Amino acid sequence: MEQRQHHNTPFVKRSFNISVITDGVQSPANLGGLIRLLEAFGIADLYCCNTALNLNSGRLKRSARSAEKNVQITECETAVQAIRQIKEKQANTRIIGLEITENSEPLSKLQLSASGHIALVLGSEARGISESVIEQLDNVYHIEMYGSNSSMNVTHAAGICLYSMVAQL
């Protein structure tokens with residue numbers, strides 16, 4: 001059995017009406033990994049908020065593997081500002097967050113419709129989604145974990161969530 005390469009993969013290119021907002025993600029490796037995930041899942045919009053984004057960072061570029069050329073990246077001062085911008089562009093936008101809160105539901109409960117726009121908010125490596133942003137969310141979901149740790153790397157969490165989302169669409 002021969003391993004496939006980029007030029008001979010059987011995947012059909014698709015795009016999804018999803019935007020991703022990062023609230024304070026700082027690591028160039030995490031930002032690059034997120035950009036690569038978005039491109040892989042057919043998501044064209046990333047809003048980087050409350051961060052010192054450097055698209056020329058060697059670490060970011062190594063993690064992104066040139067995906068930054070195919071993802072529209074917008075810098076915003078705050079995630080609340082990004083949410084406002086998205087809602088102005090897309091009237092029927094559902095804003096969801098990936099965070100463990102007292103009211104969050106398991107990701108397995110997420111139900112999506114192919115109509116409308118979805119914005120997924122991801123929090124920083126250290127503090128998660130800020131309280132002012134959580135107040136703006138329509139729904140909050142968490143990934144059920146079964147070990148002793150209650151969190152995971154933002155890129156790993158994003159991959160799990162995005163896979164779940166696009167599988168429904």
Side-chain angles (χ1 to χ4, degrees), residues 3-25 27-49 51 53-57 59-76 79 81-99 105-125 129 133 136-144 152-169:
Q3 183 181 19
R4 298 260 181 182
Q5 302 299 319
H6 293 292
H7 66 279
N8 66 359
T9 56
F11 304 126
V12 176
K13 187 172 180 153
R14 294 184 60 196
S15 61
F16 296 92
N17 202 8
I18 300 170
S19 298
V20 173
I21 301 168
T22 61
D23 180 22
V25 174
S27 163
N30 284 341
L31 288 167
L34 285 170
I35 292 166
R36 188 172 175 184
L37 276 171
L38 268 58
E39 200 279 331
F41 281 113
I43 298 164
D45 292 314
L46 173 63
Y47 291 78
C48 292
C49 310
T51 189
L53 179 64
N54 177 3
L55 292 174
N56 293 316
S57 160
R59 188 63 185 112
L60 183 144
K61 285 185 171 192
R62 282 191 304 280
S63 296
R65 304 268 320 248
S66 298
E68 71 276 9
K69 296 173 185 170
N70 300 316
V71 174
Q72 174 65 44
I73 301 168
T74 303
E75 287 186 79
C76 289
Q81 182 184 57
I83 290 168
R84 272 193 228 114
Q85 283 183 23
I86 291 170
K87 284 185 171 184
E88 287 172 10
K89 286 184 195 176
Q90 304 272 349
N92 187 21
T93 299
R94 180 177 172 194
I95 310 293
I96 63 173
L98 189 61
E99 182 69 74
E105 293 186 83
L107 184 60
S108 60
K109 302 258 187 206
L110 175 63
Q111 298 292 312
L112 299 177
S113 167
S115 64
H117 185 255
I118 302 156
L120 171 64
V121 180
L122 304 168
S124 75
E125 297 93 343
I129 300 173
V133 176
Q136 302 293 315
L137 303 175
D138 296 315
N139 307 96
V140 184
Y141 296 93
H142 63 265
I143 297 169
E144 293 177 284
M152 65 176 65
N153 179 277
V154 65
T155 56
H156 299 142
I160 292 167
C161 187
L162 292 171
Y163 180 82
S164 175
M165 292 171 72
V166 300
Q168 290 187 45
L169 301 173

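If you read the sequence from its start, that first residue is 1, and numbering goes on from there. FYI, side chains are in, hydrogens and waters are out, and symmetry mates aren't considered; it's all heavy atoms of this structure. No experiment lies behind these values; they were computed from the predicted model shown.
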Chemist: Who passes side chain to side chain donor-acceptor pair (under 3.5 Å) against Ser27, sequence neighbours left out?
Modeler: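 Counting only residues at least two positions away or on another chain, Ser27 forms no side chain to side chain donor-acceptor pair (under 3.5 Å).
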Chemist: Mind checking side chain to side chain donor-acceptor pair (under 3.5 Å) for Lys89 and listing every partner two or more places apart, or none if nothing turns up?
Modeler: Tyr47
Chemist: With sequence neighbours excluded, tell me which residues meet side chain to side chain donor-acceptor pair (under 3.5 Å) with Ser113.
Modeler: Ser115
Chemist: Under the side chain to side chain donor-acceptor pair (under 3.5 Å) rule, collect the residues that match up with Asn30, sequence neighbours excluded.
Modeler: Glu125, Asn153
Chemist: For residues 156-169, dump all side-chain donor-acceptor pairs below 3.5 Å to protein atoms at least two apart in sequence or in another chain.
Modeler:
residue	atom	partner	partner atom	Å
Gln168	OE1	Leu112	N	2.7
Gln168	NE2	Leu110	O	2.8

Chemist: If you measure from CD on Glu39 to OG on Ser15, what distance do you get to the nearest 0.5 Å?
Modeler: 11.5 Å
Chemist: So, using side chain to side chain contact (heavy atoms under 4.5 Å, CB included) as the criterion, who are the partners of Glu88 when residues are at least two apart?
Modeler: none
Chemist: Please identify which of these residues, Thr155, Ile73, Val20, meets the side chain to side chain contact (heavy atoms under 4.5 Å, CB included) condition with Ile35.
Modeler: Ile73
Chemist: Name all residues meeting the side chain to side chain contact (heavy atoms under 4.5 Å, CB included) criterion together with Glu75; count only those two or more places apart in sequence or in a different chain, and write none if there are none.
Modeler: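 Here the qualifying residues are Leu53.
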Chemist: With sequence neighbours left out, what residues match Gln136 under side chain to side chain contact (heavy atoms under 4.5 Å, CB included)?
Modeler: Val80, Ile83
Chemist: Not counting sequence neighbours, which residues clear side chain to side chain contact (heavy atoms under 4.5 Å, CB included) with Pro10? List them please.
Modeler: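 Listed in chain order: Arg4.
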Chemist: What donor-acceptor contacts under 3.5 angstrom involve side-chain atoms of residues 91-99, with partners at least two apart or in another chain?
Modeler:
residue	atom	partner	partner atom	Å
Thr93	OG1	Gln90	O	2.6
Thr93	OG1	His117	ND1	3.4
Arg94	NE	Asn139	OD1	3.0
Arg94	NH1	Gln111	O	2.7
Arg94	NH2	Asn139	OD1	3.3
Arg94	NH2	Tyr141	OH	2.9
Glu99	OE1	Ile129	N	2.6

